[in-house]
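A quick write-up on the structure given underneath.
This is a predicted model, so every value here is computed, not measured.
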Amino acid sequence: MNIHLAKNIIIYSICLLLIYYVYMLFHIGDILAYIFKLVLPIIIAIFIHFLLEPIINYFSINIKRQIVVIYLYLTFGVLALIIAYFILPNIMDQCMICYEIFSSHYNDIHPIIRSIYSFLDKYQLIDYLMNIISNVSQSVIYWISNIALSLGISFYLSYDNMHLIESLVFHIPFSKQSLYMQALKRIKLVTYRFMKSMLLDFICFYLLCLIPFYFIDQQMFYIIAFFLAVTNLIPYIGPYIGGLPIIIYEYFMDMNLGYTSFIAIVVLQYLESSYLQPYLFSKYVRIHPIILFIGLALFGDLCGIIGMVFSPLFLSYMMIIYDLCQQLRLHDKVKSIVFHQHT
């Protein structure tokens with residue numbers, strides 16, 4: 001038994017070394033990255049079409065499908081214009097005001113925050129953080145352009161009602177089609193529940209944030225609530241990504257507002273994480289926190305903030321695909337192929 005295990009370890013190690021050598025020699029990584037950039041808009045378009053299909057089917061019961069698709073994508077376009085021409089410039093102006101206040105009232109800032117800033121500036125961590133922000137900005141622009149192109153492609157997919165995935169299933173041998181169709185139905189069900197839960201969570205948390213921040217900052221309360229609701233969609237780390245900038249911003253505006261914002265965000269996050277999120281997401285997300293953190297890191301590195309938001313859904317897809325592979329016994333087939341090749 002030990003000899004057989006040792007042989008398998010040696011064989012797999014040699015195979016991995018050969019694969020790594022070929023990968024580095026022929027620059028396969030660069031080729032795959034180039035191909036991925038080319039097909040990325042198509043992948044995003046299929047994913048958007050897949051996400052919107054339950055909504056389109058729901059409203060298509062009483063309304064013609066093409067009309068539903070046109071109105072839905074027009075709504076996306078109007079929302080994008082509102083964000084681009086009204087919300088983003090306002091946010092940039094407030095950031096500049098915050099920076100001017102910080103520069104002119106540096107000596108009046110709380111000693112703890114001033115010492116943290118001095119420490120970061122001393123070890124040039126401020127420049128490192130600015131480089132990260134610059135890279136994030138470039139990544140956001142890159143993803144916005146890809147999503148805009150993908151929306152155009154997904155519009156035609158939804159308008160023509162092209163069920164690409166279902167048509168591909170019919171090219172699979174008939175004996176295996178039922179397993180693939182069951183997995184596809186599970187994916188659709190999980191997607192529908194995820195989108196429904198995420199939308200309800202976003203709306204409810206946005207309304208919750210409007211109440212306290214209307215009294216804290218009447219000029220920016222709707223933007224602050226929107227920012228907190230969007231970042232809150234990221235599991236676990238989202239509240240910190242959204243909460244800390246708001247607390248710092250309000251602190252620079254007024255020290256008391258900073259403390260009040262901190263208390264308000266803590267209370268809101270407690271209500272959302274203890275009551276709202278378990279009620280909405282417990283029906284479909286049953287993933288161990290450690291696996292979810294790994295998924296956040298993996299999909300966040302591949303797809304940025306969008307990957308982090310949809311990481312629970314992607315992990316659910318992977319679990320369904322893993323179950324499908326077990327039902328098809330792919331592992332045993334691969335093992336038998338490798339075994340016969342070396343016998």
field: side-chain contact (heavy atoms from CB on, under 4.5 Å) assessment of F205 paired with Q269
entry: CA-CA 9 Å; F205 192 69; Q269 290 298 334; 3.3 Å; yes
ring-ring contact (aromatic ring centres under 6.0 Å, His included) against Y222, all qualifying residues, sequence neighbours excluded: none
- prompt: Judged by atom type as modelled, is there a donor-acceptor pair below 3.5 Å linking the side chain of S150 to the main-chain atoms of P41?
  reply: yes
Partner residues of S154 under the side-chain hydrogen bond (donor to acceptor under 3.5 Å, both in side chains) criterion, sequence neighbours left out: Y73
task: For atom OH of Y317, decide whether the heavy atoms of other residues, nucleotides or ligands shown that lie under 6.0 angstrom number more than 12.
output: yes
message: In the structure I gave you, are the side-chain heavy atoms of L313 and V190 within less than 4.5 Å of one another anywhere?
response: yes
message: Is the shortest side-chain heavy-atom distance between F213 and L228 below 4.5 Å?
response: yes
field: R186 vs D323 side-chain heavy atoms within contact, under 4.5 Å
entry: yes
- prompt: So do the side chains of L52 and F76 get within less than 4.5 Å of each other, counting heavy atoms only?
  reply: yes
message: Among residues at least two apart in sequence or on other chains, which ones pass ring-ring contact (aromatic ring centres under 6.0 Å, His included) with Y214?
response: F221
query: Is the closest side-chain heavy-atom distance between Y206 and L210 below 4.5 Å?
result: yes
- prompt: Are the side chain of R65 and the backbone of S158 linked by a donor-acceptor contact shorter than 3.5 Å?
  reply: yes
- request: Under the side-chain contact (heavy atoms from CB on, under 4.5 Å) rule, what do L207 and I203 come out as? Steps first, then yes or no, please.
  value: CA-CA 6 Å; L207 295 176; I203 293 173; 4.1 Å; yes
E250 and T260, any side-chain heavy atoms less than 4.5 Å apart: no
query: Does some side-chain heavy atom of F202 sit less than 4.5 Å from a side-chain heavy atom of F226?
result: yes
